[in-house]
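What follows is a single structure, written as structure tokens, with notes after it.
Because the structure is predicted, anything quoted here is derived from the model rather than measured.
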Amino acid sequence: ECYKLLASYPDASLREAVEYYISRKAQYAAAPAVADGVEQIVSELTGKRGQRTVDNLRWYWRKFAADFGSRGFTEIEADQITAWLDRTASHPTTRHNYRRAVVHLFNTAITKKWCVENPAAKSRKDDSLPPEPEVFTVAELTSVLTHADDYGLLPYIVLGTFCGIRVSELTRLEWSKINLVERTVTIEATTTKTKTRRVVTLNDTAVTWLTPHVQKSGDVVQALGLREQLHKLRTAAGLKHWPINVMRHSFGSYALSAWHDVARVSYQMGNSPQICKRHYEQIVTKSAAAAFWALRPAADADGKIVPMQKAVNA
């Protein structure tokens, strides 16, 4: 009966069929289904990786498990993952992020001996050109900074937009790491994406905005409820949407336009010079960059930070 089943595959032997079954099915019979595997991995990562990283991975993996959760890791093919990516994420950047997360999931499954190969790594990549980074216009940033303090977010916005510090780094940054005298922000290796310590320089614009708000200790921003506070700020500032990594992209674009120093900008951001140049060169005009770095708060009669002096609309 087995030979009859193989009759349509003249180049396959019964031994090859059995070995294939063992490698793809029997050997991993005790491995969990994808949905259960996802929850197990997320549980193991909690406390070992940054909470934002864990939350992002959980989001992507649960979306994947919604369609493939009942299957074993050995039962999913590359073309099935490609089709899933195509229908799940139409935007190139979103699709890339989904694919990267699923590749990570299968790599972890391999280390746990739940499967022997990574079909996600063989899935089709999107060759579309990535969209240009979205940045704040000077007028938009003026409005954001005007309302940021109302939601306890001014230091967060300033450090992200005028210093290029990652959101994941900001949510774990303490005031004790900010030295206004030396004009530095120390980003410890445990909080950086690259696991490498770096010391960010505070420029004149950042120092001016930060000075009235510096504290001796505590978190720079409260991570709990941050998403809700940002939504309120966006609404108050009159922004229709808050682009992904808009603060960091704004810094890279305006800094490179004004400073003409790829090495300096890339170090501040913790990026490679190649990535910095490719993503941020010639995104904004020189006049817009000049207006961006000239933004300053204006004090009212009570000494409270209020809307800035009128900026050039960029």
Side-chain angles (χ1 to χ4, degrees), residues 22-78 80-85 87-89 91 93-123 125 156 165-174 177 187-197 218-231 244-245 248 270:
I22 292 174
S23 68
R24 301 285 296 212
K25 183 75 174 180
Q27 183 179 348
Y28 302 100
V34 168
D36 294 332
V38 163
E39 297 308 316
Q40 180 177 327
I41 296 171
V42 167
S43 178
E44 293 172 354
L45 288 177
T46 302
K48 296 180 181 179
R49 300 283 297 274
Q51 191 57 47
R52 184 179 179 85
T53 298
V54 174
D55 290 344
N56 285 339
L57 290 174
R58 181 191 290 114
W59 165 258
Y60 290 121
W61 290 348
R62 283 182 175 174
K63 289 282 286 185
F64 183 73
D67 285 339
F68 296 97
S70 62
R71 302 192 197 183
F73 285 90
T74 60
E75 299 172 3
I76 304 171
E77 303 291 342
Q80 295 171 332
I81 295 176
T82 296
W84 178 80
L85 290 169
R87 68 174 180 269
T88 301
H91 194 283
T93 300
T94 305
R95 189 184 188 282
H96 169 76
N97 291 338
Y98 269 106
R99 184 179 182 276
R100 182 173 59 181
V102 176
V103 168
H104 182 17
L105 174 63
F106 275 92
N107 280 338
T108 305
I110 290 173
T111 64
K112 291 182 171 296
K113 301 187 183 304
W114 294 345
C115 58
V116 70
E117 60 184 21
N118 190 332
K122 299 178 181 179
S123 64
K125 295 182 179 180
Y156 173 84
I165 300 175
R166 293 183 177 91
V167 167
S168 60
E169 296 166 347
L170 288 172
T171 55
R172 289 177 281 181
L173 182 63
E174 297 180 354
K177 302 299 180 182
I187 312 295
E188 298 294 351
T190 54
T191 67
T192 66
K193 181 178 179 179
T194 59
K195 303 303 178 185
T196 302
R197 181 176 179 272
D219 297 328
V220 170
V221 64
Q222 294 297 320
L224 184 64
L226 177 59
R227 188 187 299 271
E228 291 76 12
Q229 291 298 91
L230 282 171
H231 179 74
I244 296 174
N245 286 330
R248 186 169 165 83

Practice prompt. Assess whether atom CD of E174 is packed by more than 12 heavy atoms of other residues, nucleotides or ligands within 6.0 Å.
Written response: yes
Worksheet item: Are Q229 and Q222 close enough that some pair of their side-chain heavy atoms sits under 4.5 Å apart?
Response: no
Discussion item. Applying side chain to side chain contact (heavy atoms under 4.5 Å, CB included) to R71 and Q80, what does each step give before you reach the verdict?
Written reply: CA-CA 12 Å; R71 302 192 197 183; Q80 295 171 332; 3.1 Å; yes
Item to complete: Identify the two heavy atoms, one from P119 and one from A78, that lie closest to each other, and give their separation to 0.1 Å.
Response: O-CB, 3.3 Å
Worksheet item: Closest heavy-atom contact between W114 and G37?
Response: CZ3-CA, 3.7 Å
Practice prompt. State, yes or no, whether a side-chain contact exists between F64 and T88 at a heavy-atom distance under 4.5 Å.
Written response: no
Worksheet item: V116 versus T74: any side-chain heavy-atom pair under 4.5 Å?
Response: no
Worksheet item: Take atom CD1 in I244; do more than 12 heavy atoms of anything else shown fall under 6.0 Å from it?
Response: no
Discussion item. Distance check, rounded to the nearest 0.5 Å: E169 atom CD versus E188 atom CD?
Written reply: 11.0 Å
Discussion item. Would the distance check show the side chain of N245 and the main-chain N or O of R248 forming a donor-acceptor pair, the cut-off being under 3.5 Å?
Written reply: no
Discussion item. Could you report the tightest heavy-atom contact between V221 and L170, atom names first, then the distance?
Written reply: CG1-O, 3.6 Å
Discussion item. Tell me whether N118 contacts the main-chain N or O of V103 through its side chain, where contact means a donor paired with an acceptor under 3.5 Å.
Written reply: yes
Discussion item. Is any side-chain heavy atom of T82 closer than 4.5 Å to one of R99?
Written reply: no
Fill in: Close side-chain approach of T108 to T111, heavy-atom, < 4.5 Å
yes
Item to complete: Before accepting this row, confirm whether a basic side-chain N of the pair R58/E39 lies closer than 4.0 Å to the acidic partner's carboxylate O.
Response: no
Discussion item. Minimum heavy-atom separation for I76 and G72, please, with both atom names.
Written reply: CG1-O, 3.8 Å
Response to the item:
For Y98, the ring-ring contact (aromatic ring centres under 6.0 Å, His included) test, sequence neighbours excluded, returns Y60, W84
Worksheet item: What distance separates Q40 CD from L45 CG, expressed to the nearest 0.5 Å?
Response: 10.5 Å
Discussion item. Nearest 0.5 angstrom please: Y156 OH to T171 OG1, how far?
Written reply: 7.5 Å
Item to complete: Considering non-hydrogen atoms only, spot the tightest contact between K48 and E44 and give its length.
Response: CD-O, 3.2 Å
Discussion item. Ignoring hydrogens, what is the shortest heavy-atom contact between A101 and L57? Give both atom names and the distance.
Written reply: CB-CD2, 4.5 Å
Worksheet item: How far does CG of L173 sit from CD1 of I165, to the nearest 0.5 angstrom?
Response: 6.0 Å
Discussion item. Once ring-ring contact (aromatic ring centres under 6.0 Å, His included) is applied, do any residues pair with H104, and if so which ones, sequence neighbours excluded?
Written reply: W61
Worksheet item: Can you tell me if CZ on R87 sees more than 12 non-hydrogen neighbours from other groups inside 6.0 Å?
Response: yes
Worksheet item: side chain to side chain contact (heavy atoms under 4.5 Å, CB included) between K112 and I41: does it pass, once the steps are laid out?
Response: CA-CA 10 Å; K112 291 182 171 296; I41 296 171; 4.0 Å; yes
Worksheet entry | Pairwise distance CZ(R95) to OG(S123) - rounded to 0.5 angstrom | 6.5 Å
Worksheet item: Going from OG1 on T196 to CD1 on I187, what distance comes out if it is rounded to the nearest 0.5 angstrom?
Response: 12.5 Å
